[in-house]
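By convention in this document, chain letters (A, B, ...) are assigned in the order of the sequence lines, proteins followed by strands, and residues within each chain are numbered from 1.
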Amino acid sequence: MLEIQQLRTDLENVTATLAKRGFNFPAEAFNALEAERKKVQTHTQELQAKRNTASKQIGHAKSKGEDASAILAEVAQLGDELKQAENQLEHIQAELQKILLEVPNLPHDSVPTGKNEEDNKEIRRWGKPRALDFEVKDHVAIGEDLGLLDFETAAKLSGARFSLMTGGLARLHRALAQFMLDTHTQEHGYVEAYVPYLVNQDSLRGTGQLPKFEEDLFAVHAGGKSNSEDNNSPTFHLIPTAEVPITNMVRDEIVALKSLPMRFVAHTPCFRSEAGSYGRDTRGLIRQHQFDKVELVHIVHPEQSYDALEELVGHAEKILQKLELPYRVMTLCTGDMGFAATKTYDIEVWLPAQNTYREISSCSNCEAFQARRMQARFRNEKGKPELLHTLNGSGLAVGRTLVAILENCQNADGSVSIPSVLQPYMNGLEQLRMA
RNA sequence: GGAGAGAUGGCCGAGUGGUCGAAGGCGCUCCCCUGCUAAGGGAGUAUGGGGUUUAUAGCCUCAUCGAGGGUUCGAAUCCCUCUCUCUCCGCCA
């Protein structure tokens, strides 16, 4: 959420900046509502002040045993007018809030202006794609030929965009998550968190998934009843990323200055409906309704958030370096950034079968955008509450990392070499091979 | 699932219709005193919004005592619904 003051005082700039990311801010509607709000709010508060002083006089008079009927009669007339004004004000503020909640964050100055992913800017590459002198298989073929990856059975169990892994592949998947968690906790100073996978709507509003992106989520109701059947059962949503529960840890909190920066890492499944991506990445593990991710979250002093972003990307990159997987780092352009971000780096890993780099991590600074929605603050140097800055990034998407390993480490005979850093997690196993 | 008790400011805790945004204590900040330490004295110390303003200063004002509704001129206090916490029993991983 943007600061409403900024919209009031600097609307032209804000509108122009939002246009860079393809967002059309309804400036006229906003201005009209704002004018109305100011009028109605002032009026409401005047009436409230009048009522308050009169009520105090009544109390005062009664405590002295005096007659208060004159004031009483006078203030009784206020009731209807006040109620009407209050209702009107509430309505206007709800309208304003509705607009505000759907406005994306303002891109940082350093972000290249552009329309879509073609305008993203590569800032560095690491590693060289291995030259493979045999016919390269994609991860689906590799996994299925090994007899360890089974989409057909997954479809029977659940449907499209689910996967079933068994044996060494399932273990490799687990090994990856463990390895990432260990690296981030032991080498990068993160605090490990185990978090709920079902969250309430306040949490999703806090990080920005709601109200705008509800169709991307899976909703869950206790007892299987939807809200229309049973108004009393609260709606939960499956987390689309651990960013939601972790970041919301500080929702409605004022944390101490000395507790900053906070850094958390969590390994969770993530659930996404993938509405609107029909036909994209339908093959394989790239785009699933359920996937595992190791997520990194920083909660920091506003002055430190851009340094923190660089560190965060570095931590994610470190995983790929240890796995010896070639990648490149991209700065997303204004048109390709997510809703809450001011600046985002994507890490793209090399996938030989697709002969291209594919996103495996996305690291964003949200500045105070989420903190404002969450009322997540810290007590600053002057002792005053101030909004925190929040950052999040994948470190990394486990399923996609598995894809990268299968494809980059495949051998001519159909086996897959296990990266040496993972072997200790695999009981020393060096290769996945056909049984 | 059954029975009961709760939810108040950074923390503890008083407050059952009227100058209560909230006593008291602890903590914290500033000042004074004390040649160290300990102790003592004084002042201050919630958050969000709006108006005014060059101003995140000041001033005025509104809201907020778990959340949402209601009664009332007036609600932390009364009524209703919900959420959460705790205790006991049952069940369960």
Side-chain angles (χ1 to χ4, degrees), chain A residues 1-10 30-31 33-97 99-101 194 196-203 205-206 221-223 225 227 230-236 248-260 301-303 367-368 371-389:
Chain A
M1 200 158 66
L2 301 179
E3 195 181 2
I4 194 163
Q5 312 282 9
Q6 198 180 0
L7 288 162
R8 291 203 268 250
T9 57
D10 198 21
F30 174 80
N31 273 333
L33 264 179
E34 249 304 288
E36 190 68 8
R37 189 227 94 227
K38 187 163 170 174
K39 199 179 82 191
V40 175
Q41 183 162 9
T42 309
H43 180 58
T44 305
Q45 292 191 353
E46 274 169 12
L47 292 175
Q48 286 169 329
K50 212 187 272 183
R51 180 205 58 196
N52 288 347
T53 50
S55 291
K56 272 186 185 167
Q57 283 172 356
I58 293 169
H60 205 57
K62 284 204 170 176
S63 70
K64 287 199 278 185
E66 293 167 8
D67 176 46
S69 57
I71 322 169
L72 239 154
E74 191 185 314
V75 87
Q77 318 237 330
L78 246 73
D80 285 347
E81 198 185 353
L82 179 57
K83 185 151 274 179
Q84 198 191 340
E86 281 174 337
N87 287 340
Q88 205 182 345
L89 179 62
E90 196 185 343
H91 176 74
I92 294 167
Q93 293 197 312
E95 290 286 304
L96 277 170
Q97 187 73 354
I99 293 177
L100 280 180
L101 282 172
Y194 172 83
Y197 302 158
L198 294 174
V199 293
N200 60 31
Q201 303 189 51
D202 286 342
S203 294
R205 195 175 310 111
H221 303 93
K225 288 179 184 162
N227 252 9
D230 179 1
N231 284 327
N232 286 333
S233 83
T235 301
F236 292 107
N248 275 281
M249 284 164 65
V250 291
R251 171 157 53 84
D252 296 320
E253 299 288 334
I254 302 176
V255 304
L257 184 61
K258 64 172 190 285
S259 64
L260 300 178
H301 192 289
E303 283 166 17
E367 293 194 18
R372 190 170 294 112
R373 288 170 162 253
M374 293 191 297
Q375 281 302 301
R377 294 162 294 170
F378 70 103
R379 213 165 274 286
N380 69 15
E381 292 80 351
K382 291 179 187 157
K384 289 287 161 210
E386 186 179 336
L387 292 171
L388 290 157
H389 280 193

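- Of all non-hydrogen atoms in A:Leu387 and A:Pro302, the two that sit nearest each other are O-CG, 3.5 Å.
- Set against B:rU52, B:rG18, B:rG21, the side chain of A:Lys56 has B:rG21 as its closest nucleotide.
- Backbone-only engagement by A:Gln5 is indicated by non-hydrogen atom pairs under 4.0 Å involving sugar-phosphate atoms exclusively.
- When the nucleotides B:rC73, B:rA63, B:rU47 are ranked by their closest atom to the side chain of A:Pro385, B:rU47 comes out on top.
- Taking atom C1' on both B:rC28 and B:rA46, the two are 14 Å apart, rounded to the nearest angstrom.
- Using N1 to N3 plus N6-O4 or O6-N4 for Watson-Crick, or N1-O2 and O6-N3 for G-U wobble, each under 3.5 Å, B:rG68 pairs with B:rC80.
- How far CG of A:Leu257 is from CZ of A:Arg379: 11.0 Å, rounded to the nearest 0.5 Å.
- Taking atom C1' on both B:rG41 and B:rU56, the two are 35 Å apart, rounded to the nearest angstrom.
- If you take atom C1' in B:rG48 and the same atom in B:rC33, they sit 40 Å apart, rounded to whole Å.
- As rounded to the nearest Å, B:rU8 and B:rG4 have C1' atoms that lie 22 Å from one another.
- Distance noted for atom C1' between B:rC88 and B:rA75: 34 Å (whole Å).
- Look at the C1' atom in both B:rG21 and B:rG15: the space between them is 13 Å, to the nearest Å.
- For the pair A:Glu34 and A:Ile254, nearest-nucleotide mapping onto RNA chain B gives the more 5' position to A:Ile254.
- Of the nucleotides present, none pairs with B:rG9 by Watson-Crick or G-U wobble criteria with both distances under 3.5 Å.
- In this structure, CD of A:Gln45 is placed 15 Å from C1' of B:rC59, rounded to the nearest angstrom.
- Under the Watson-Crick or G-U wobble criterion, with both distances below 3.5 Å, B:rC88 is paired with B:rG2.
- The two atoms that bring A:Leu47 and A:Leu78 nearest to each other are O-CD2, 3.5 Å, heavy atoms only.
- Residue A:Arg51 places at least one side-chain N or O under 4.0 Å from the OP1 or OP2 atom of B:rA63.
- Taking a pair to require two hydrogen-bonding distances under 3.5 Å in either a Watson-Crick or a G-U wobble arrangement, B:rC59 pairs with B:rG51.
- For the pair A:Asp252 CG and B:rU64 C1', the interatomic distance rounds to 13 Å; values are reported in whole Å.
- When the shell of 6.0 Å around CD of A:Gln93 is examined, it contains more than 12 heavy atoms from other residues, nucleotides or ligands.
- Summarising the geometry, the separation between CD on A:Gln375 and P on B:rA46 is reported as 17 Å, rounded to the nearest angstrom.
- Remark: the separation of the P atoms in B:rC79 and B:rU71 is 15 Å, to the nearest Å.
- Taking a cutoff of 4.0 Å between a charged side-chain nitrogen and a carboxylate oxygen, A:Glu34 and A:Arg37 qualify as a salt bridge.
- Looking only at atom types and distance, the side chain of A:His91 has no donor-acceptor partner in the side chain of A:Glu36 under 3.5 Å away.
- Partner assigned to B:rG35 is none, using Watson-Crick or G-U wobble distances below 3.5 angstrom.
- In this model, the phosphate group of B:rA57 is not approached by any side-chain N or O of A:Lys384 to a distance below 4.0 Å at OP1 or OP2.
- A distance of about 15 Å separates the C1' atoms of B:rC65 and B:rG6, rounded to the whole Å.
- Nucleotide B:rA23: unpaired (no Watson-Crick or G-U wobble partner with both distances less than 3.5 Å).
- Contact annotation: A:Asn52 side-chain N/O to B:rC62 OP1/OP2 distance is under 4.0 Å.
- Between A:Arg379 and B:rU29 there is no side-chain polar atom (N or O) within less than 4.0 angstrom of OP1 or OP2.
- Atom-to-atom, NZ of A:Lys39 to P of B:rG51 comes out at 15 Å; the value is rounded to the nearest Å.
- Atom CD of A:Glu86 has more than 12 heavy atoms from other residues, nucleotides or ligands within 6.0 Å.
- Across every strand in view, B:rG17 sits unpaired, with no contact that passes the Watson-Crick or G-U test at under 3.5 angstrom.
- Counting any heavy atom pair closer than 4.0 Å across all strands shown, A:Ala49 reaches sugar-phosphate atoms only and no base atom.
- Between B:rG48 and A:Arg377, a contact under 4.0 Å exists linking OP1 or OP2 to a side-chain N or O.
- Atom-to-atom, CD of A:Glu86 to C1' of B:rC62 comes out at 10 Å; the value is rounded to the nearest Å.
- Following rounding to the nearest Å, A:Asn200 (CG) and B:rU83 (P) show an atom-to-atom distance of 13 Å.
- For B:rA43, the paired base is B:rU29 (Watson-Crick or G-U wobble, both distances below 3.5 Å).
- Atom CD1 in A:Ile71 sits about 12 Å away from atom C1' in B:rG74, given to the nearest Å.
- Listed nucleotides: B:rG18, B:rG51, B:rC62. Nearest to the side chain of A:Ser55: B:rG18.
- Atom NZ of A:Lys83 is separated from atom P of B:rC62 by 19 Å (rounded to the nearest Å).
- With the nearest nucleotide of RNA chain B identified for both A:Thr44 and A:His60, A:His60 has the one nearer the 5' end.
- Under the 4.0 Å criterion applied to side-chain N and carboxylate O atoms, A:Arg205 and A:Asp202 are assigned as salt-bridge partners.
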